[in-house]
Amino acid sequence: MATTAHENGSQELFQVMELKGVSLVNRFVYSATWDGTADSGGFCTPKNIDMLVQRVRGGVGLLITGMAFVATEGRAAPGQLGIFDDEFVPGLSRLTQAVHDAHGKVFLQLAHSGCYAPSALTGTEPLGASASDSGRFPPCREMTVADIDKVAAAFGQAAGRGKKAGFDGVQLHGAHGYLISQFLSPFFNQRTDQYGGNLENRARLLLEIVKDVRKEVGNDYPLLVKINSEDFVENGLTSDESLEVCSMLEKAGVDAIELSGGTVYASGKFSCMRTGGSKSKEKESYYREVAARYKQKINIPLLLVGGIRSIETAERIVHDGVADFISMCRPLIREPGLIARWKAGDVQPATCVSCNGCAGPALKGEGLQCILENDD
């Protein structure tokens, strides 16, 4: 019997893939998601582990942890994983062991929140690419070159700890208005030294971090970067600039890029966590057009996140060569078993309505979870 276009598309989605030597059972990625379940010191808990293992059992090919802060002053939220000291390695080793026991693969996302680090949580003054006096983003101290060197080294050391803890790779969080994104974006970055002004200067911190990470983990260890397709703020990082940075990252030896968009706080309705979603499958994937341009210009694999809610859209993205991997976040919070459901033949779209209600329980210390009742 001849296979249908849908069946062919599904075969592509569920084929075994390799990412820098890491074998993955399919093209689906649980995109990095702060889940609020680490303890007050940032140490991994059984809840952190259960959240990830649940999604392995639900059929996801690759997990990327919620952002782990690489320095004490870079913490973004309560219940966030830490990775700034060797003390964190044993707990994270238990996490990777549990994921591997469940036959999954997991990367550690490394982050610093820059000016968005709340002093009430960190006990220190926030640092950023530039000081803010306009109210566009929170007040912070402009980082000195010594601060920048220290942060780059902290990312490198954190990557080394991730490798020691058994993670299959690491991802640098260069999106959503956090520190690396702040340096890339002229919205945040008003510097006049070698880290500000033209795009090459604004990308300097990210490229130095890549270099420091490689010194710690070697050239064979998988290194990914998450970056905005654009910032969706006035005078922010543009899509043309984003693609130029992606090209720089390819030349610097990064193994794959995840394309997202918007900032957490400054992008309004074009935030990285857009509400409402899209009822049209043609408009589901927010950053599809930039992704298609990426694939024409850049040769390292692309993970695409943002508004994907149906298997038809995922199939089309892969079949048309727009991206190599499908990253999802909120749909897998509501339905941890979504990918297994699709694979089993129930191809109804994800039931997530993009309301962002899942963040409420996490802020209360209860962990990230959907607040809507299931239809069944």
Side-chain angles (χ1 to χ4, degrees), residues 32-45 47-48 51 65-85 87-88 91-92 108-144 146-148 150-155 157-158 161 172-183 185 187-190 205 226 231 233 262-268 271-273 275 329 333 356-369 371:
T33 309
W34 164 77
D35 60 29
T37 58
D39 73 11
S40 59
F43 289 91
C44 182
T45 68
K47 283 186 178 181
N48 287 119
M51 292 276 282
T65 69
M67 55 183 183
F69 57 104
V70 301
T72 55
E73 82 283 350
R75 189 175 190 177
Q80 183 185 358
L81 286 171
I83 188 65
F84 62 86
D85 191 275
E87 290 182 309
F88 294 97
L92 292 171
L108 176 68
Q109 189 186 68
L110 307 175
H112 189 298
S113 58
C115 69
Y116 286 115
S119 294
L121 185 64
T122 67
T124 60
E125 182 182 18
L127 304 178
S130 298
S132 171
D133 57 7
S134 66
R136 295 187 304 171
F137 52 89
C140 62
R141 177 171 67 77
E142 180 171 299
M143 294 175 70
T144 65
D147 292 327
I148 291 169
K150 185 177 178 181
V151 163
F155 271 96
Q157 292 159 9
R161 293 183 189 106
L172 305 178
H173 193 353
H176 301 167
Y178 293 115
L179 184 68
I180 294 173
S181 176
Q182 288 164 27
F183 271 82
S185 175
F187 175 81
F188 295 99
N189 187 345
Q190 300 295 313
L205 170 62
K226 188 171 190 171
D231 287 345
V233 294
T263 68
V264 178
Y265 303 105
S267 300
S271 159
C272 54
M273 293 179 65
T275 56
C329 180
I333 296 168
N356 289 340
C358 49
L363 289 169
K364 295 176 184 176
E366 299 167 4
L368 205 63
Q369 54 189 285
I371 61 171

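A quick note: this is a predicted structure, and the numbers were derived from the prediction, not measured. Numbers for residues simply follow the sequence, beginning at 1.
In this structure, F183 and I148 have side chains that are in contact, with non-hydrogen atoms separated by less than 4.5 Å.
The distance from the CG atom of L179 to the CZ atom of F155 is 6.5 Å, given to the nearest 0.5 Å. Between the CG atom of L205 and the CD1 atom of I180 there is a distance of 6.0 Å, given to the nearest 0.5 Å. Here the CE atom belonging to M67 is positioned 15.0 Å from the CD1 atom belonging to I83, to the nearest 0.5 angstrom. In this structure, W34 CH2 and S113 OG are separated by 12.5 Å, a value rounded to the nearest 0.5 Å. The line from CZ of R161 to CG of L110 is 10.0 Å long, rounded to the nearest 0.5 Å. F43 CZ to N48 CG: the interatomic distance, rounded to the nearest 0.5 Å, is 12.5 Å.
Taking all atoms of both residues into account, the shortest heavy-atom contact from P126 to G114 is CB-O, 4.0 Å.
Evaluation of the side chain to side chain donor-acceptor pair (under 3.5 Å) rule for Q182 yields no partner, not counting sequence neighbours. With sequence neighbours left out, the side-chain contact (heavy atoms from CB on, under 4.5 Å) criterion links S181 to N228, D231. Here H173 pairs with H176, Y178 under the ring-ring contact (aromatic ring centres under 6.0 Å, His included) rule; sequence neighbours left out. By the side-chain contact (heavy atoms from CB on, under 4.5 Å) test, P138 pairs with C115, Y116, sequence neighbours left out. With sequence neighbours left out, T144 forms a side-chain contact (heavy atoms from CB on, under 4.5 Å) with R141, A146, D147.
The only option from T45, T37, L92, D39 that meets the side-chain contact (heavy atoms from CB on, under 4.5 Å) definition with L81 turns out to be L92.
Formation of a donor-acceptor pair under 3.5 Å by the S119 side chain with backbone atoms of E125 is not found in this model.
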I'd like a table of donor-acceptor pairs (distance under 3.5 Å, sequence neighbours excluded) in which one partner is a side-chain atom from residues 70-79, with atom names and distances.
| residue | atom | partner | partner atom | Å |
| --- | --- | --- | --- | --- |
| E73 | OE2 | H112 | NE2 | 2.8 |
| R75 | NH1 | S40 | O | 3.1 |
| R75 | NH2 | S40 | O | 3.1 |

Inset, instruction - In sequence, state the C-alpha distance, the side-chain angles, and the governing distance for N189 and S130, and then conclude on side chain to side chain contact (heavy atoms under 4.5 Å, CB included). - result: CA-CA 5 Å; N189 187 345; S130 298; 4.0 Å; yes

Inset, instruction - Dump the intermediate steps for side chain to side chain contact (heavy atoms under 4.5 Å, CB included) on F69 and T122, then the final yes or no. - result: CA-CA 11 Å; F69 57 104; T122 67; over 6 Å; no

